[in-house]
Amino acid sequence: MAVPKLELRTLGNTGLKLSSLGFGASSFGNISRPVSESDAVASVREAFRLGINYFDSSPYYGATLSEKMLGKGLKALGVPRNEYIVSIGRYREGFDFSAERVTQSIDESLERLQLDYVDIFLCHDIEFGPLDQIVNKTIPALQKLKEAGNIRFIGITGLPLDIFTCVLDRVPPGTVHVILSYCHYSFNDSTLENLLPYLKTKGVGIISADPLAMGLLTELGPLERHPASPELKSACRAAAVYCKERGKNISKLAMQYSLSNEDISLVLVGMNSVEQVEENVASATELVLFGMDRKTLAKVEAILEPVKNQTWAWPSGIQRS
């Protein structure tokens with residue numbers, strides 16, 4: 001039986017066709033462990049070979065190291081630039097959303113990535129900035145960069161879901177092309193689903209990042225500093241144990257759950273090795289071939305029901321009245 005290629009999905013009204021699974025290069029910044037240049041390049045090449053055409057980085061990851069490593073990996077592909085899609089966002093330092101800083105940051109990122117343009121600039125973590133500034137200064141600056149050809153499309157990201165409506169309701173239609181939401185579409189928290197009809201009416205492409213909930217939905221579990229409540233951590237640990245005892249992998253199940261909603265254009269997953277790439281692509285292609293393990297999913301959802309849609313114990317961003 002031939003292994004199917006990764007599904008291509010349209011990103012809102014951009015016309016871009018994205019692989020359903022995207023490559024997150026944050027770990028190229030040595031966030032959890034050192035990643036060699038050879039491993040970074042090899043993982044990018046394997047991802048592209050297996051059908052992944054979307055790559056994401058940021059100057060923030062590893063103080064610009066992630067962008068540099070991803071740039072080397074993309075250059076090593078040796079293919080025309082229009083065969084892959086790149087998104088970037090957030091600066092190396094803090095949350096400066098001024099027009100001057102966002103304009104300067106593009107030139108810096110393009111140099112590190114060894115590219116002439118990026119497909120999507122994601123204005124990251126906008127809950128940490130004044131939304132008036134985002135609407136009236138940052139996005140207009142990005143529109144100028146789009147007109148100049150430095151970027152093709154404009155996106156916004158953040159943890160609280162209400163920030164998306166706050167911005168999209170205040171800008172002209174078609175100004176923001178993409179939203180990236182993280183940790184809000186997996187079986188422990190599927191609150192992004194409530195926002196999907198609204199986003200579709202706006203013609204906005206939808207990217208869901210981190211279907212493993214920052215390590216909650218893994219056999220190893222999250223880092224000690226993970227902001228989830230003790231109750232949420234305990235329930236996710238019980239779900240992981242249940243899966244493992246039955247020869248199942250909770251991470252695969254979580255990713256397939258996120259991929260199964262075709263209203264989401266792309267699921268973004270961090271990768272840093274050929275092995276991780278192959279495992280993630282296998283999960284996606286197995287979903288197409290065999291569907292989800294509904295029996296295991298039902299039991300996992302029952303375990304997590306008492307903490308369903310519980311977000312982190314600390315608030316994210318500037319607190320607004």
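Under the 30°/60° scheme for interplanar angles, the aromatic rings of Y257 and F187 are found to stand perpendicular.
Using a 4.0 Å cut-off between charged side-chain N and carboxylate O, K299 and E301 make no salt bridge. Between D132 and K137, none of the side-chain N atoms (NZ, or NE/NH1/NH2) sits under 4.0 Å from a carboxylate O, so this pair counts as no salt bridge. Using a cutoff of 4.0 Å between basic side-chain nitrogens and carboxylate oxygens, K252 and E286 are scored as salt-bridged. Between D119 and R81 there is a salt bridge, since at least one side-chain N of the basic residue sits less than 4.0 Å from a carboxylate O of the acidic one. Checked for salt-bridge contact, E224 and K233 miss the test: no charged N lies under 4.0 Å from a carboxylate O. Ion pairing of K248 with D293 is present here, as a side-chain N (NZ or NE/NH1/NH2) and a carboxylate O approach within less than 4.0 Å.
Within the 4.5 Å cutoff, side-chain heavy atoms of L217 are placed close to those of C236. Counting heavy atoms from C-beta outward, I156 and V178 have side chains that stay 4.5 Å or more apart. A heavy-atom distance below 4.5 Å is found between the side chains of M271 and I52. Within the 4.5 Å cutoff, side-chain heavy atoms of V281 are placed close to those of V277. Using a 4.5 Å cut-off on side-chain heavy atoms (C-beta onward), I179 and L168 make contact.
Atom NZ of K308 has more than 12 heavy atoms from other residues, nucleotides or ligands within 6.0 Å. Other residues, nucleotides and ligands contribute over 12 non-hydrogen atoms within 6.0 Å of the CD atom of Q114.
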